[in-house]
*Asks:* 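Have a look at this one before I ask anything.
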Amino acid sequence: MSRQVANRIVKPILSKTPEEARKGVNALYRNFYRELEWTMRQHMMDIPIAVARKKLKEEFLKNKDITDIRVIDMLVIKGQMTFDEFHNYWMQNYNLYAFFDYTDTQHKKTAEKKNTFLDDFYKSSD
C-alpha cells in the first residue's frame, strides 16, 4: 500500500497571513503595556512597574518561536481574555501575583521582619 500525504486546507481563526498575526500580537502587547501601570496602582500591588513590564516581556518572548498562524491566533485570543480579566477587575490580586516570581519579595519581607521570641528559641535549639 502506498501512503498518501493529505494537505488539508484549514480555515483561519483571525489572521490570514503572518503579518496580520504579528499585528495582533503587537496590538495585544501594546494594550497590556499601556494598561499595566494603571492597573497595578488600582490593585495596590507592591510590585514595581519595571518588574511587571519585564515579566510582561518575558511572557510574550516565551512564544516567539511559534510560526503556525492558527496557534498564534489562539494565543492572542487567550491573551485578550486575560487582558479583559485584568482590566475589568475580574482577576483578583492573588491571581495577578501568580504571574510573578514573588518569592524574592517574600524573602526580603521575612528578612526585614524582627525576630520574635519563638524565632530566637528555634534558632537556639539547633
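Hydrogens, waters and symmetry mates are skipped; everything else that's a heavy atom, side chains included, is used. All residue numbers refer to positions in the sequence shown, counting from 1. Keep in mind that what you see is a predicted model, and the values were worked out from it rather than measured.
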*Asks:* How many angstroms lie between atom CG of Leu14 and atom CD of Glu20, to the nearest 0.5 angstrom?
*Replies:* 9.0 Å
*Asks:* Look at the rings of Phe86 and Phe32 and say which category their plane angle falls in: under 30° parallel, 30 to 60° tilted, over 60° perpendicular.
*Replies:* tilted
*Asks:* Carefully, step by step, assess Trp90 and Asn95 under the rule side-chain contact (heavy atoms from CB on, under 4.5 Å).
*Replies:* CA-CA 10 Å; Trp90 298 335; Asn95 299 114; over 6 Å; no
*Asks:* Do Arg41 and Glu37 touch side chain to side chain, with heavy atoms closer than 4.5 Å?
*Replies:* yes
*Asks:* Is it true that Ile49 and Tyr29 fall in one hydrophobic cluster, defined by side-chain heavy atoms closer than 4.5 Å?
*Replies:* yes
*Asks:* Below 4.0 angstrom, N of the basic side chain to O of the carboxylate: do Lys23 and Glu19 qualify?
*Replies:* no
*Asks:* Donor-acceptor pair, distance only, cut-off 3.5 Å: does the side chain of Asn63 make one with the backbone of Ile72?
*Replies:* no
*Asks:* Give the minimum heavy-atom separation between Ile69 and Ala21, together with the two atoms involved.
*Replies:* CG2-CB, 4.3 Å
*Asks:* Within a 6.0 Å radius of atom OH on Tyr94, are there more than 12 heavy atoms belonging to other residues, nucleotides or ligands?
*Replies:* no
*Asks:* Under the side-chain hydrogen bond (donor to acceptor under 3.5 Å, both in side chains) test, which residues partner Ser15, sequence neighbours left out?
*Replies:* Asp73
*Asks:* Taking a hydrophobic cluster as the set of Ile, Leu, Val, Met, Phe, Trp and Tyr residues connected by side-chain heavy atoms closer than 4.5 Å, whether directly or through intermediates, do Tyr33 and Phe83 fall within one such cluster?
*Replies:* yes
*Asks:* Could you walk me through whether Arg53 and Lys57 pass the side-chain contact (heavy atoms from CB on, under 4.5 Å) check?
*Replies:* CA-CA 6 Å; Arg53 287 185 173 153; Lys57 184 177 180 181; over 6 Å; no
*Asks:* Please find the pair of heavy atoms, one from Asn31 and one from Gln80, that lie closest to each other, and give the distance.
*Replies:* ND2-OE1, 4.4 Å
*Asks:* Starting at NE2 of His87, measure out to CZ of Arg34 and round the result to the nearest 0.5 Å.
*Replies:* 13.5 Å
*Asks:* Should the ring pair His43 and Tyr89 be called parallel, tilted or perpendicular, given that the plane angle runs from 0 to 90° and is split at 30 and 60?
*Replies:* tilted
*Asks:* Do Val51 and Lys54 have side chains that approach each other closer than 4.5 Å (heavy atoms only, starting at C-beta)?
*Replies:* no
*Asks:* In Å, rounded to the nearest 0.5 Å, how long is the span from OH of Tyr97 to CG of Asp46?
*Replies:* 4.0 Å
*Asks:* Quick check: is Ile77 connected to Val71 through a chain of hydrophobic side chains (ILVMFWY, heavy atoms under 4.5 Å apart)?
*Replies:* no
*Asks:* Just verifying a value: how many Å separate Met91 CE and Asp84 CG, rounded to the nearest 0.5 Å?
*Replies:* 10.0 Å
*Asks:* Just wondering, more than 12 heavy atoms not from Arg22 lying within 6.0 Å of its CZ?
*Replies:* no
*Asks:* Indicate the atoms forming the closest heavy-atom contact of Val25 with Val76, along with that distance.
*Replies:* CG2-CG2, 3.6 Å
*Asks:* Is Met81 reachable from Leu75 through a run of hydrophobic residues whose side-chain heavy atoms are each under 4.5 Å from the next?
*Replies:* no
